[in-house]
Amino acid sequence: MQKTILKKFIQVLSAALLLNSVIFYIACSRVLQETSIEDMRFALKTMDSFLDYRGELESQLSRMDSMWEENGSRVTVIRTDGTVQFDSSGQDIKTMENQLRQPEVEEALRSGFGSAARRSGSLDQYMLYAACYSEAGQVILRLSAPYSGLREFLPMLLPAAWFSFAAALIASFLTTGHFVDTVTRPLREIAGEMEKLDGNGEPFHFEPCQYPEINTIGSTTLAMNNNVKEYLKQLDDQRKIREEFFSNASHELKTPITSIQGYAELLENGIIKDETMRQDFIKRIHKEASRMTSLINDILMISRLESREAKLTYTEVNLAEVAREAVEGLKPLTAQKQVYIHQDCQDAVIWADEKQMKELISNLISNAVKYNRQGGQVWIEIKEDRAKNQIRIQVKDNGMGIPEDSLPRIFERFYRVEKGRSKKEGGTGLGLSIVKHIVTYYKGSIEVKSQVDMGTRFMVELPIKKA
């Protein structure tokens, strides 16, 4: 790893130095070109101020041949229609093409001064052009000069560039070894600690170093190690929950099946002669079959909620209306137990599946009635909190209550506070688990408070969702 990092470091440094040299060359070339153009502009302005446009321009410009012959410069006088009036190169001006489309001429006519750099077709070399519009002469003065940029300075610049390049490489090679070691040592320590993690609970140790990024790797690895341990623990817990679920489900299904089978055999063998008893057995079979159907439906609903594969039909559901329907359906039970229900339900509309909302509210209300005392009371409250953008559903009773040690487990599948009491009331042990799953499905929250012989209060908060 050290060799790889060192090699990559040298490659990156070489590329950076090379790129820096290219950028330096381009920047210096641009500065040199701009400086040359400014010098040519000054020369044109000076020439324009000395020329007497009332006299003959050719003779005046011919006397200045020595000024531009030294460096191969060329002066051209161009009329505003693009024709050449004078050219210092000695070329026949009648054969010269119209200069109006040259970029420096166009710019000079437009703004007073223009410049360009291109290869000259007549001279066959790269030239720098500067053109200036003369207000006095109503002509364009153009000065062109051979331009090679920094190429003529390369013989002088290259040795210095190569020397600095080599010095930087040598210095980086000497210092990179120590730097790479300080980087790779903590990584080797992390790798060594990770090799020790064989799933037997071995703790992960990491000593922080001077590099925050490597410390982040170490802390992240530590967190991942803890997360893996927690995940494995959760998997084990889930395995136990599944085993318990299958055990409870098979037991709950076996009980009604055994009862149905027993009553059916008695009826089939003709042992029961009394018609009243026969009818009683038939009612018992029907009751156990309904209980088994309800249990299977509850199990399927929980499975669909957990897998999020339930086929839902979203509509605008008025929760107050759902609560009123649930209370209406529980009238036989409330009459039997003489439980009085108080309703304080505002019209609160939510975008949800109506069946799930009915399941949620009816489970809470039926539990409050089933596990209440004779002559007890139930309070139902549904309100819309616009400030928090949520709907609050509260179901409270003054019934038996739930022991404090059972509160953390009431939402578990098949969990019963008192199995005998639940059997008597005909519960499957899945109602509150379904409630919890529905609330979670809609990203809501549920809270329960209870005291034995004082009653229980369930508080559900659901975010308001509109169509």
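In this chain, residues are counted from 1 in sequence order. Every heavy atom of this structure was used, including side-chain atoms; hydrogens, water molecules and symmetry mates were not.
Evaluated for a side chain to side chain contact (heavy atoms under 4.5 Å, CB included) with K358, the options L319, V317, V322 yield exactly one hit, V322. Of the options V460, N367, L364, I341, a side chain to side chain contact (heavy atoms under 4.5 Å, CB included) to V395 is made by L364 and by none of the others.
Minimum heavy-atom separation, D353 to T313: OD1-N, 2.9 Å. Shown here for I391 and A348, the closest heavy-atom pair between the two residues is CD1-CB, 3.8 Å. Closest approach of P463 and G444 over heavy atoms only: CD-CA, 3.9 Å. Nearest approach of V369 to V339, heavy atoms of both residues: O-CG2, 4.3 Å. Shortest non-hydrogen contact noted between G329 and P332 is O-CD, 3.7 Å. Closest heavy-atom contact between A323 and I361: CA-CG2, 3.9 Å.
With sequence neighbours left out, E107 forms a side-chain hydrogen bond (donor to acceptor under 3.5 Å, both in side chains) with no residue at all. With sequence neighbours left out, the ring pair (Phe, Tyr, Trp, His ring centres under 6.0 Å) criterion links F42 to no other residue. Residues passing the side chain to side chain contact (heavy atoms under 4.5 Å, CB included) test with K449, sequence neighbours excluded: E447, R457. With sequence neighbours left out, D280 forms a side-chain hydrogen bond (donor to acceptor under 3.5 Å, both in side chains) with R284.
Atom CD of Q451 has 12 or fewer neighbouring heavy atoms from other residues, nucleotides or ligands inside a 6.0 Å radius. Residue Q374 places its CD atom among more than 12 non-hydrogen atoms of other residues, nucleotides or ligands, all under 6.0 Å distant.
Using the six-membered ring where Trp is involved, H342 and W379 have ring planes that are parallel, under 30° apart on the 30 and 60° scheme. In this structure, F458 and F411 have perpendicular ring planes: the angle between them is above 60°, well past the 30° mark.
The line from CG of D385 to CG of L462 is 12.5 Å long, rounded to the nearest 0.5 Å. Here SG of C132 is found 6.0 Å from CG of L44. Values are rounded to the nearest 0.5 Å. In this structure, OH on Y371 lies 10.0 Å from CD1 on I402, to the nearest 0.5 angstrom. Considering CD1 of I382 and CD of Q343, their distance stands at 8.5 Å, rounded to 0.5 Å. If you take CD on E316 and CD1 on I350, they are separated by 11.0 Å, rounding to the nearest 0.5 Å. In this structure, CZ on R373 lies 13.5 Å from CD on Q338, to the nearest 0.5 angstrom.
Formation of a donor-acceptor pair under 3.5 Å by the N372 side chain with backbone atoms of Q377 is found in this model. A donor-acceptor distance shorter than 3.5 angstrom exists from the side chain of S366 to the backbone of N363, with no hydrogens or angles considered. With hydrogens and angles ignored, the 3.5 Å screen pairs no side-chain donor or acceptor of H286 with any backbone N or O of I282. Remark: the backbone N or O of M454 is not paired with any side-chain donor or acceptor of N398 at under 3.5 angstrom. Using a distance-only test at 3.5 Å, with no hydrogens or angles considered, no donor-acceptor pair links the side chain of R392 to the main chain of E381.
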Evaluate side chain to side chain contact (heavy atoms under 4.5 Å, CB included) for M357 paired with I438, printing each intermediate quantity in order. CA-CA 8 Å; M357 292 299 105; I438 292 174; 4.1 Å; yes
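Listed by first then second residue, pairs satisfying side chain to side chain donor-acceptor pair (under 3.5 Å) with a partner in residues 324-334 read E321-R324, E328-K331, not counting sequence neighbours. Applying the side chain to side chain donor-acceptor pair (under 3.5 Å) definition to pairs two or more places apart or across chains, none involves residues 33-42.
Contact check for E384 versus D347: no side-chain heavy atoms found under the 4.5 Å cut-off.
Geometrically, R118 engages Y129 in a cation-pi contact, judged by NZ or CZ lying under 6.0 Å from the ring centre and within 45° of the ring axis.
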